[in-house]
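The model shown is predicted, which means the values in this text are computed figures rather than measured ones. Numbering of ligands and ligand atoms starts at 1, following listing order.
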Amino acid sequence: MKNNILAVAVLAAAVAGCSAQTEPPKTAPQVAPPAPKIVEVVIDGVAGFQDTPMQPDGTWHVHDPARPQPPVVTPGSFSQMAPPPSDAIVLFDGSDLSHWLDKKSGGPALWTVENGVAVSAKGDIMTTNKFGDIQLHLEFREPSPGQGEGQGRGNSGIYFMGLYEIQILDCYINKTYADGATGGLYGQHPALANACRPPGEWQTYDIIFTAPRFGADGAMVLPAYVTVTLNGVVVQNHQAYRGATNWRSPGQYSAHDPELPLSLQYHNNSVSFRNIWVRPVPMVNEP
Ligand code: MG
């Protein structure tokens, strides 16, 4: 959006420059053109956008409601919550959010903790620790009964390095644009399957994330990658991010530190979390 506004501003400056050659200078203040209107479209009951940029491969618009839905796969039965491995960095064991901060203020996390469960509220949270390449385990539970629809139903998300999202959404009998569904790299790559459990049931994410690498000149030399298992079903296999997650944009890279805090999204829905741990898993062969 910023680029569009910039383009309009540049165009206006160019027009003004041309007219200055043939007309006397004008003293009236320039009035900025109105911002382009965002138009939501609904296709087969799926709300999304087609006034967004095309994905770089030219197949679909960002958040395109016509993009095929991930096929539904019913996951196997849930095993009881397993304790973390012995070398894990435990980020939430049910007791408190001492390993987390409010992302906006840097102060204490504003989520609630009750009965061993953290519930999203008031703002995104980020870890006090910084991470690069990691294995992440996390369990989440969507509100039951489900409320809202599309992106408004049980929305949260895992942001690796605070930048690269794997979507959390209640996609059990709830359709949304494919690149915004559970297990997707939001705005970029839909999940290979919709392996969601019903609201009210615990669900597991096991994710391997590899941080992007940047050269000395700041250019990206290796993208971020994720392999994602949702409820025992692989829904992303070494999928590259096109850049940092963005609404209505396919994403782009900007150089950043090799380690940054992990964050969890608050998106106006109360999503529950438990048993969150990570293990650093550095890539062996650096580019
Ligand atoms: Mg989200």
Practice item. Could you pull out the atom name of the N/O/S atom in E165 that is nearest the Mg ion (ligand 1)? Key: OE2

Exercise for review: Answer yes or no: is there an ion pair linking D51 with R248, defined by an N-O contact shorter than 4.0 Å?
Suggested key: yes

Review point. The Mg ion (ligand 1) to Q151: any N/O/S contact under 2.8 Å?
Key: no

Practice item. Could you label the plane-to-plane angle of the F209 and F160 rings as parallel, tilted or perpendicular, counting under 30° as parallel and over 60° as perpendicular? Key: parallel

Point to revise | H238 and Y225 aromatic ring geometry - parallel, tilted or perpendicular at 30°/60° bounds | key: parallel

Revision key, fill the gap. With rounding to 10 degrees, Q265 OE1, the Mg ion (ligand 1) and N155 OD1 define an angle of 90°

Check your understanding: Is Q167 close enough that one of its N/O/S atoms sits under 2.8 Å from the Mg ion (ligand 1)?
Key -> yes

Point to revise | Donor-acceptor side-chain pairing of E165 and Y159 below 3.5 angstrom | key: yes

